[in-house]
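Okay, structure first, notes after.
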Amino acid sequence: MNLQSILSQHIIKAVSESYAATLENIEFQATRKDFEGDITVVVFSMLRTVKGNPVQIGETIGEYLVANVAEVSKYNVVKGFLNLVLSDAYYLDFFTSIQNFNSYGKVPATTEAIMVEYASPNTNKPLHLGHVRNVLLGYSVAEILKAAGKKVYKTQIINDRGIHICKSMLAWKRYGNEETPQTSGLKGDKLVGNYYVKFDKEYKKEINTLVENGFTEKDAKAKAPILLEAQKMLQKWEAGDPDVVALWKKMNGWVYEGFDATYENIGVDFDKNYYESDTYLLGKDFIQSGLEKGVFEKDADGSVWCDLTDEGLDRKIVLRSDGTAVYMTQDIGTAIQRVKDFPDINGMIYTVGNEQDYHFKVLFLILKKLGFSWAENLYHLSYGMVDLPSGKMKSREGTVVDADDLISDMAATAKEISEELGKIDDFSAEEKTQLYKTIGLGALKYYILKVDPKKRILFNPEESVDFQGNTGPFIQYTYARIQSILRKAASASGYTESVEIRNLTLEPKEKELLKILQQFPDVIQLAAGNYSPALVANYTYDLVKEFNSFYQNVPIFGAENPAEISFRISLCDAVGSVINTAFSLLGIQVPDKM
RNA sequence: GGUCGCAUAGCUCAGCUGGAUAGAGCACCUGCCUUCUAAGCAGGCGGUCCCAGGUUCGAAUCCUGGUGCGAUCACCA
């Protein structure tokens, strides 16, 4: 039983004995720094059932707890707050109870499975900063869910077909001179992206010409020859035209090579890929059964709709009058397909930007109406857009922050700072490169993940990402310091693992550290429940901040006796392990030296 | 116009189911490297928690209304 429930029982007993009142539940909170104590009982909230002066009630309970609960060593009452001081033995017992620092906080996997979709790139352009946030968030949430005991399948849906890729294909055919990644030395996704931009340029030229010749802007946009040709290409693709399909395969292949490189660079992976070219026809079969169940209705022209006006939403089309599928149809089909592919999953998480909030609201509602039991466990992990000081990122206009460039820029900054500090001069060139990447990526990932997912991020490339204060490198640095201590401990003779620590007197900073360590399992569960890596990031920062204060103010190897030394080293070890675990949940690596 | 989201220090962000004097980092200012890594530590400066009502012992947090910013409301994806 945990401490709070033990305390609750005694408090209820104390109150019923002294005041003849029965408390339902007791409210606890961490004691504020400015008061003495470790945990605080809020007496105010008892006043509804217990009549009396809050200070007096607090005193009564406090006295009772000190007398009857071994863990409570002292108490004080401030206004309606009863602050309890817990014994050092309580914290030391907790520390002893952590068997394995490396697995501390995590829960063993259960059979409860869930799928996390965390990327949905189009194959006509390279990945940019917006994709980076998407991928980092989803990957981290997947890792957090695993740590919280879920079985997780990671997936992405690749939008490999449609008018966008035809635009790149057409431009390449016209202007490409058979250029390939090999002949140009360009990364495949970059090469294809260039032709998407090229298409847009030509398209705009044609629009201007048409407008000069008296077309309205709207007509010009719809009638530009290059666009008509792209549309024709899409029709050919859908008809299975061998030449078009061959070109499509070739160019998509280039893009996948590029994506793979970027994903590897970022350090994320997927258990299963879904391709829109496989799924875009799915879902139509379920329209019929939905019609029979009365979930959908057919209009006179043959189009099929779902009426959601009762739920405060609009009517939503699910099948065109010509019988073809829309995006919604496809998403219905894909969801069902995924449950067929992975029969043990009982829910899905879609990591998609908040511009699609409405779409997912409707999708989930329709799936529920269709009667799928797992539809109750669908969650749209909606995140805010990443904007630049200049406004929105637009691929066509080239105002995007490219993912690969961003990562190498961060590593370059890490290199600059590292060289200036000159602490790793003994590293080999390869070790240095690896370290710069670890730090650069750590800075980037932490910067993005520490922010609440639903808030939008303003990214300023000029000011770039910090390496001091509440940042990834700061936390990595602390980890490296700890490793340095552990190396020294391993080579020294005085440090033995099995030492009796129960009778030690804790320094305030040691106690604070133990308190924070104690929260870790709860933080993982909370982060899993809220799908929020930010909670893990902020927790890690609090831990590290406290550790650094301990490190700089309490001697470790210079402690008074061997038991103290041994305990402090062990405490460092535990903090290091928790940093490592927490960062792995964020997809961030930690260096042994920096 | 309807719907959804956001608004906290100059800037970037925390603030758990309502709790004590609203916290960090950056920036600015002051100290601390002959000791376990100064990417650090100790401290200072800095607030109309968007506004107005309401709920109650108590509101940054919950409710209502408003303002501002963003998104969305296609037989597009």
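Numbers restart at 1 for each chain; the letters A, B, ... are given by sequence-line order, proteins then strands.
Comparing B/rU37, B/rC41, B/rG40 by their closest approach to the side chain of A/S484 singles out B/rU37. Closest approach to the A/K488 side chain among B/rA77, B/rC36, B/rC41 is made by B/rC36 (side chain taken as heavy atoms from C-beta onward). When the nucleotides B/rA77, B/rA42, B/rA71 are ranked by their closest atom to the side chain of A/V326, B/rA77 comes out on top. In this structure, the nucleotide among B/rC36, B/rG40, B/rC73 sitting nearest to the side chain of A/Y358 is B/rC73. Candidate nucleotides B/rC4, B/rC41, B/rC36 were compared by shortest atom distance to the side chain of A/D357, and B/rC4 ranks first.
The side chain of A/R320 places an N or O atom within less than 4.0 Å of a non-bridging phosphate oxygen (OP1 or OP2) of B/rA77. Using a 4.0 Å cut-off, no side-chain N or O of A/K316 falls inside it from OP1 or OP2 of B/rA74. Phosphate contact (OP1/OP2 of B/rC36, side-chain N/O of A/R568, threshold under 4.0 Å): absent.
In this structure, A/P555 and A/I317 both approach RNA chain B, and ranking their closest nucleotides by distance from the 5' end singles out A/P555.
With ring centers used as reference points, A/Y350 lies under 6.0 Å from A/F364. Not less than 6.0 angstrom separates the ring centroid of A/F467 from the ring centroid of A/F474.
Counting non-hydrogen atoms under 4.0 angstrom, A/K545 reaches the backbone sugars and phosphates but no base. Contacts of A/I485 with the nucleic acid, taken as non-hydrogen atoms under 4.0 Å apart, involve only primed sugar atoms and P, OP1 or OP2. Using a 4.0 Å heavy-atom distance criterion, A/N553 is classed as a sugar-phosphate-only contact. The residue A/S321 sits close to a base: some heavy atom pair falls under 4.0 Å. Looking at heavy-atom distances under 4.0 Å, A/M385 makes no contact with the nucleic acid at all.
With a 3.5 Å ceiling on both atom-pair distances, the Watson-Crick or G-U wobble partner of B/rG65 is B/rC51.
Evaluated for a side-chain hydrogen bond (donor to acceptor under 3.5 Å, both in side chains) with A/Y446, the options A/N470, A/T471, A/T540 yield exactly one hit, A/N470.
Geometrically, A/R161 engages A/Y280 in a cation-pi contact defined by less than 6.0 Å to the ring centre and at most 45° from the axis.
For the pair A/Y479/A/D592, a side-chain contact is recorded, criterion being any heavy-atom separation below 4.5 Å from C-beta on.
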### Task
Going 5' to 3' through nucleotides 12-23 of chain B, assign each nucleotide B (protein heavy atom under 4.0 Å from a base atom), S (under 4.0 Å only from sugar-phosphate atoms) or - (no protein heavy atom that close).
-SSS---BBS-S
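Under a cut-off of 6.0 angstrom, the local environment of NZ in A/K221 is sparse, with at most 12 non-hydrogen atoms contributed by other residues, nucleotides or ligands.
In this structure, A/E276 and A/I157 approach most closely via the heavy-atom pair N-CD1, 4.4 Å.
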